[in-house]
J.: 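Below you will find the structure I want to go over with you.
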Amino acid sequence: MEISLLQCCLIGIWTGVCLTGMLTGTYLTRCLVMAAGVGMILGDLKAGLLMGAAGEMAFLGFGVSSGGSVPPNPQARGLSAQSLPLP
């Protein structure tokens with residue numbers, strides 16, 4: 001799958017919009033939301049939702065407020081998982 005320069009720029013803008021969710025308190029930083037947006041940009045929403053769900057499964061039940069343990073960069077899986085081809 002070839003990614004055009006326009007798609008790269010749109011993914012960068014989408015990343016910036018999603019990371020502002022940390023400031024506004026919205027759920028835009030969740031892996032499922034970020035991966036779905038990247039899937040829409042790349043034209044494969046199904047793959048985006050599947051990759052986002054797989055990323056969310058890793059942190060299912062992993063509370064941020066319990067014990068001060070924070071997952072290491074959960075946003076990265078939502079953005080970089082789109083390069084993996086689905087069977």
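Note that the structure is predicted; figures quoted are calculated from it, not measured. Keep in mind that the numbers below use all heavy atoms, side chains included, and drop hydrogens, waters and symmetry copies.
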J.: Search all heavy atoms of Gly48 against all heavy atoms of Ala35 and return the closest pair with its distance.
T.: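 Distance-wise, the nearest heavy atoms are O-CB, 3.3 Å.
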J.: Between Cys31 and Met51, what is the shortest heavy-atom contact and its length?
T.: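 It is SG-O, 4.5 Å.
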J.: Val33 and Trp14: which non-hydrogen atoms are nearest, and at how many Å?
T.: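 Where Val33 meets Trp14 most closely, the heavy atoms are O-CZ2, 3.6 Å.
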J.: Let me check something: do Leu6 and Leu42 share a hydrophobic cluster, defined by ILVMFWY side-chain heavy atoms less than 4.5 Å apart, either directly or through other members?
T.: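 Yes, it is one cluster - the side chains of Leu6 and Leu42 are joined through contacts under 4.5 Å.
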J.: How many angstroms lie between CG in Leu10 and CE in Met40, if you round to the nearest 0.5 Å?
T.: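 Going from CG on Leu10 over to CE on Met40, the span is 11.5 Å.
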J.: Specify the closest pair of heavy atoms between Leu49 and Ala36, including all atoms of both residues, with the distance to one decimal.
T.: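 So the two residues come closest at CD2-CB, 3.7 Å.
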J.: Considering all heavy atoms of both residues, which atom of Ile3 and which atom of Cys8 are nearest to each other, and what is their separation?
T.: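 For Ile3 and Cys8, the tightest heavy-atom pair comes out as CG2-SG, 3.7 Å.
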J.: Between CG of Leu28 and CG of Leu23, what distance do you get to the nearest 0.5 Å?
T.: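 These two atoms lie 11.0 Å from each other.
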J.: Which atom names give the shortest non-hydrogen contact between Gln7 and Glu2, and what distance separates them?
T.: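 Closest approach of Gln7 to Glu2, heavy atoms only: OE1-O, 3.9 Å.
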